[in-house]
Amino acid sequence: MAHIHQIQNGESMSLREQIELTAKLSAPAIIAQLSTILMQYIDAAMVGRLGADASAAVGLMNSSLWMFWGVCSMLTMGFSVQVAHHLGAKDESGARSVLRQGIVACVIAGTIMALLGIGISGRLPVWLGGDDAITGDASLYFLVFVSALPVLILNYLAGGMLRCAGNMKVPGALNVAMCLLDVVFNFFLIFPTREINFGGISVMMPGAGLGVLGAALGTVAAECVVASLMIWYLVRRQPDLCLKGEEAYKSYRPTKAVLMKGAKIAVPMTAEHVIFCGAQITITTIVAPLGKVAIAANAFAVTAESLCYLPGFGIGEAATTLCGQSYGAGRHDLVKRFCHLTTYLGIAVMTVMALIMYVCAPVMMEIMTPVSAISELGAEVLRIEAWAEPMYAASIVAYGAFVGVGDTMIPAIMNFGSIWLVRISLAAVMAPVMGLRGVWIAMCAELIFRGLIFLWRMYGGKWLKTKPDLA
């Protein structure tokens with residue numbers, strides 16, 4: 001079986017070994033992403049049972065939460081990619097130094113993001129166009145999540161570090177555990193005490209009855225438990241990164257060299273993510289005037305669509321690891337081959353998932369909400385989006401490969417232009433005429449365009465041009 005150390009040791013790799021290693025790293029990452037999907041389904045299905053108002057309250061805040069979560073995740077990538085480059089060059093001491101500095105820098109960044117989120121939580125639902133029936137629950141839902149960002153950013157950092165070290169299994173297993181914990185916590189926090197029948201035996205199940213607030217608390221509690229386990233494993237058990245003995249007592253103070261290299265990687269990614277989520281928030285403001293049914297259907301459809309695209313993100317994580325370590329080892333020919341292999345794999349997987357989504361769209365929506373108007377509209381827009389998934393895969397996985405070599409500025413500009421010039425402009429024109437269907441047709445067109453331009457850049461080869469700058 002092919003192994004990540006073949007890259008670091010400069011060993012030749014056959015096409016079969018490259019495919020085996022790609023599959024070996026991609027499979028756990030896909031499982032981890034699928035567990036995330038399942039957790040989103042659980043939250044959506046449980047909240048959906050509370051009615052259209054609760055569903056709309058959650059749906060209204062999703063795009064804003066994705067912005068905060070994504071910024072934290074992108075900031076950690078500035079350190080994770082450096083670790084991949086150091087490990088590819090067999091410099092474990094340098095990798096551990098980046099890890100120590102990354103812990104401090106990320107806690108500070110997470111705290112700043114949390115304070116910003118807390119400060120705007122009261123007014124944000126109003127700014128997004130929510131009506132009085134949902135703004136109270138929406139504000140509480142957002143407040144709980146952003147308050148936990150200092151802990152959640154460590155989860156992103158630890159997961160990213162482990163994946164860039166080639167360890168996909170531990171983050172995958174812990175994400176599955178987080179999904180199970182989310183079920184348990186939500187079960188007791190969302191619903192009130194009630195009587196449940198098990199095979200003819202009635203049992204009183206205790207519950208806090210917190211509704212939307214309970215959904216946020218349950219998910220955050222699960223994420224905090226997993227974040228603690230993830231960071232513990234990284235610093236105590238991961239062989240090439242653990243901070244034991246004298247390594248635990250070396251300096252944690254961020255240095256200018258590491259911060260500048262991290263900023264060079266992370267700032268374009270973070271700016272791109274903010275721009276992307278700004279577009280999503282703009283879409284939310286376009287959808288909000290269409291009513292609660294449209295808001296809820298849009299939010300549930302986005303969650304359902306993740307069944308297709310999150311496996312692509314899992315493969316993209318594998319692409320970052322493979323290309324990053326190959327790049328750190330100075331093996332540019334291997335970087336290109338892994339970029340192409342992972343991109344083709346992503347397109348194939350997401351094409352299959354798109355077919356499943358197209359066929360099963362009505363069932364997927366009915367699982368999340370008993371309101372027929374919401375489920376029917378959601379199923380219709382899902383089938384529109386299915387046509388875009390293969391090209392969406394191309395952009396996701398190619399982007400992951402580009403990140404692995406530190407090429408983030410041009411891809412960020414490409415994402416910015418695609419989203420704002422194609423998606424937003426089309427959605428603004430089509431929503432008043434076609435409603436939510438027009439918004440999703442615009443999204444479909446934009447994702448196809450984005451995939452094509454990322455393939456064009458991948459084949460052009462200009463993303464791979466310099467030697468890694470190891471701080």
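From a predicted model like this one, the values you see are computed outputs, not experimental measurements.
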Quick one: salt bridge (charged side-chain N to carboxylate O under 4.0 Å, His left out) pairs with a partner in [range], sequence neighbours left out?
{"range": "residues 352-362", "answer": "none"}
{"range": "residues 414-434", "answer": "R423-E446"}
{"range": "residues 391-408", "answer": "D407-R457"}

Counting distance only, does the side-chain N/O of [X] pair as donor-acceptor with the main-chain N or O of [Y] below 3.5 Å?
{"X": "N175", "Y": "P171", "value": "yes"}
{"X": "N167", "Y": "K169", "value": "yes"}
{"X": "T408", "Y": "V403", "value": "no"}
{"X": "T219", "Y": "A216", "value": "no"}
{"X": "S139", "Y": "T135", "value": "no"}

Give every residue pair that meets the side chain to side chain donor-acceptor pair (under 3.5 Å) criterion with at least one member in [range], sequence neighbours excluded.
{"range": "residues 336-357", "value": "Q18-R337, Y344-Y459"}
{"range": "residues 147-157", "value": "none"}
{"range": "residues 376-394", "value": "E380-R437"}

Side chain to side chain donor-acceptor pair (under 3.5 Å) against N415, all qualifying residues, sequence neighbours excluded: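 Once residues adjacent in sequence are excluded, the partners of N415 under the side chain to side chain donor-acceptor pair (under 3.5 Å) criterion are E272.
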Evaluation steps, side chain to side chain contact (heavy atoms under 4.5 Å, CB included), between L345 and V397: CA-CA 9 Å; L345 177 62; V397 183; over 6 Å; no
I295: side chain to side chain contact (heavy atoms under 4.5 Å, CB included) partners, not counting sequence neighbours: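 I295 satisfies side chain to side chain contact (heavy atoms under 4.5 Å, CB included) with A56, V287, A288 once adjacent residues are dropped.
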Residues which pass side chain to side chain contact (heavy atoms under 4.5 Å, CB included) with F449, listed by chain and number, not counting sequence neighbours: S418, V422, I453
Pair F191 and F187, ring centroids less than 6.0 Å apart: no
Tell me which donor-acceptor pairs under 3.5 Å the side chains of residues 357-367 have, and how far apart each pair is, sequence neighbours excluded?
none

Side chain to side chain contact (heavy atoms under 4.5 Å, CB included) assessment of M391 paired with L455: CA-CA 9 Å; M391 284 298 97; L455 287 175; 4.0 Å; yes
Test log, rule side chain to side chain contact (heavy atoms under 4.5 Å, CB included), inputs I315 and V349: CA-CA 9 Å; I315 298 170; V349 170; 4.0 Å; yes
Would you give me the side-chain donor-acceptor pairs under 3.5 Å for residues 106-128, sequence neighbours excluded?
unit_1	atom_1	unit_2	atom_2	d
T111	OG1	V107	O	2.8
S121	OG	I118	O	2.9

Test ring-ring contact (aromatic ring centres under 6.0 Å, His included) applied to F142 - qualifying residues, sequence neighbours left out: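 Checked F142 against ring-ring contact (aromatic ring centres under 6.0 Å, His included); matches are F68.
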Working for side chain to side chain contact (heavy atoms under 4.5 Å, CB included), residues W420 and S425: CA-CA 7 Å; W420 281 93; S425 59; over 6 Å; no
